[in-house]
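So the structure is just underneath, and the comments pick up after that.
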Amino acid sequence: MDSFLDSLPNTEFISICVRDPRLHKDDLWHTHVDYEICVHTNSMCFRKKTSYVRRRYSEFVWLRHCLEQNALIVELPKLPPWNPFFSLKNTEQVNQRMRGLQAFLEIVLQTPLMLSDSRLHLFLQSDLSITKIEKCVCGKTRYTVAEAIQRSSSGYLGRLEEKASCDSDCESSSSSGIGLSVDLPLRGSPLPFYPASD
């Protein structure tokens, strides 16, 4: 994949794809669907050039709300409407929602002001939960935004959280762990770790 990215002209690009819906059974009565978000880019705005993460519809709603608060002068695109009768068996519903989520992200990624929001980058390139994204952005974690993006899929952040579980600034529950990244060049040798400053 890196050779493909290197062979492209020097024009900056961000390619986003929403695909592979999966049904998760939470308990006897509740289920949810999540989607794989694939990012391929040569943009300097992104820490990783290729990444894959899974997110559910409610997390997209959260992201839109955050971006809306951050960019009061920019009109944000709409998300596909929530449907209480959404079914993975209905191919048209699934395809329509995926197209809507992808169109939302494509428009967001074409807006320079949005690209400065750390929550967007953590949403797209880390497997952190929404709660942990909020804490990381506020500097209330033992890792920076860049470290969260670079390391979240390798298990490095989980080890840091276990090590510091008695610290009051760490969340005790673990992240979903469903993200996967193919851009982890230093997988076996973690970088030195420095707590975020206020």
Side-chain angles (χ1 to χ4, degrees), residues 14-39 46-48 51-72 74-111 113-141 143 145 148-149 151-153 157-158 161 170-181:
I14 303 169
S15 172
I16 191 100
C17 178
V18 178
R19 64 183 188 189
D20 189 23
R22 290 189 187 162
L23 183 66
H24 298 271
K25 191 168 182 134
D26 300 326
D27 57 36
L28 187 59
W29 302 103
H30 300 94
T31 60
H32 73 271
V33 178
D34 69 9
Y35 306 87
E36 184 177 53
I37 302 171
C38 308
V39 176
F46 286 85
R47 182 89 177 156
K48 292 181 179 179
S51 62
Y52 304 89
V53 66
R54 299 198 69 84
R55 296 288 179 195
R56 58 191 289 181
Y57 180 81
S58 61
E59 293 172 316
F60 279 87
V61 172
W62 169 85
L63 176 65
R64 187 179 188 284
H65 177 73
C66 291
L67 295 174
E68 196 170 49
Q69 289 177 330
N70 192 29
L72 299 173
V74 176
E75 186 173 336
L76 282 171
K78 300 280 186 216
L79 286 169
W82 180 77
N83 180 353
F85 304 108
F86 184 81
S87 169
L88 266 181
K89 294 177 183 173
N90 186 329
T91 308
E92 181 54 35
Q93 279 183 343
V94 171
N95 288 333
Q96 186 177 10
R97 180 173 276 181
M98 283 192 309
R99 284 191 305 269
L101 295 174
Q102 182 166 326
F104 168 77
L105 290 175
E106 287 172 348
I107 293 168
V108 164
L109 293 173
Q110 292 173 10
T111 310
L113 181 60
M114 300 294 162
L115 290 174
S116 67
D117 195 311
S118 297
R119 292 171 295 194
L120 174 65
H121 291 274
L122 288 166
F123 178 87
L124 293 173
Q125 296 200 305
S126 81
D127 57 0
L128 294 179
S129 67
I130 298 305
T131 304
K132 289 183 182 180
I133 288 174
E134 288 288 358
K135 287 183 176 186
C136 185
V137 168
C138 292
K140 296 181 179 179
T141 57
Y143 43 86
V145 170
I149 290 170
R151 299 288 178 196
S152 63
S153 297
L157 291 180
E161 288 175 348
C170 288
E171 184 179 341
S172 59
S173 63
S174 64
S175 65
S176 62
I178 52 179
L180 170 67
S181 173

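Computed from a predicted structure; not experimentally measured.
- In this structure, the ring pair (Phe, Tyr, Trp, His ring centres under 6.0 Å) partners of His32, at least two apart in sequence or on a different chain, are His24.
- Counting only heavy atoms from C-beta outward, the side chains of Ile133 and Trp62 approach each other to under 4.5 Å.
- Between the side chain of Ser116 and the backbone N or O of Leu113 there is at least one donor-acceptor pair closer than 3.5 Å.
- A salt bridge links Asp20 with Arg54: at least one charged nitrogen is closer than 4.0 Å to a carboxylate oxygen.
- Atom CD of residue Glu68 and atom CE of residue Met114 lie 9.0 Å apart, to the nearest 0.5 angstrom.
- With a 4.5 Å cut-off on side-chain heavy atoms, Glu134 and Cys66 count as touching.
- The shortest distance between side-chain heavy atoms of Phe104 and Lys78 does not fall below 4.5 Å.
- You'll find the side chain of Pro80 reaches within 4.5 Å of the side chain of Leu101, heavy atoms only.
- For Glu92, the side chain to side chain contact (heavy atoms under 4.5 Å, CB included) test picks out Asn90, Gln96, Arg99, with sequence neighbours left out.
- Side chains of Glu106 and Gln110: a donor-acceptor N/O pair is absent below 3.5 angstrom, by distance only.
- With contacts defined as side-chain heavy-atom distances shorter than 4.5 Å, the pair Pro77/Val108 qualifies.
- Ion pairing of Asp34 with Arg22 is absent here, as no side-chain N (NZ or NE/NH1/NH2) approaches a carboxylate O to less than 4.0 Å.
- Residue pairs that meet the ring pair (Phe, Tyr, Trp, His ring centres under 6.0 Å) test with at least one member in residues 118-140, sequence neighbours left out, are Phe46-His121, Phe60-Phe123.
- The side-chain heavy atoms of Tyr143 and Lys132, taken from C-beta on, include a pair separated by under 4.5 Å.
- The CD atom of Glu59 lies 8.0 Å from the CD1 atom of Ile37; values are rounded to the nearest 0.5 Å.
- Here the shortest heavy-atom pairing between Arg55 and Ser126 reads NH2-O, 2.8 Å.
- Side-chain atoms of Ile14 and Leu115, non-hydrogen and from C-beta on, do get closer than 4.5 Å to each other.
- The line from CD of Gln69 to CZ of Arg64 is 11.5 Å long, rounded to the nearest 0.5 Å.
- Using a 4.5 Å cut-off on side-chain heavy atoms (C-beta onward), Cys136 and Leu122 make contact.
- Atom CG of Leu63 is separated from atom CG of Leu124 by 7.0 Å, given to the nearest 0.5 angstrom.
- The CZ atom of Arg119 sits 10.5 Å away from atom CD1 of Ile130, with the distance rounded to the nearest 0.5 Å.
- One finds the CG atom of Leu76 at 9.5 Å from the CD1 atom of Ile107 (value rounded to the nearest 0.5 Å).
- No side-chain donor-acceptor contact under 3.5 Å links Gln125 to the backbone of Ile149.
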- Task: Take Gln93 and Asn83 through the side chain to side chain contact (heavy atoms under 4.5 Å, CB included) test and state the conclusion after the steps.
- Result: CA-CA 9 Å; Gln93 279 183 343; Asn83 180 353; 3.0 Å; yes
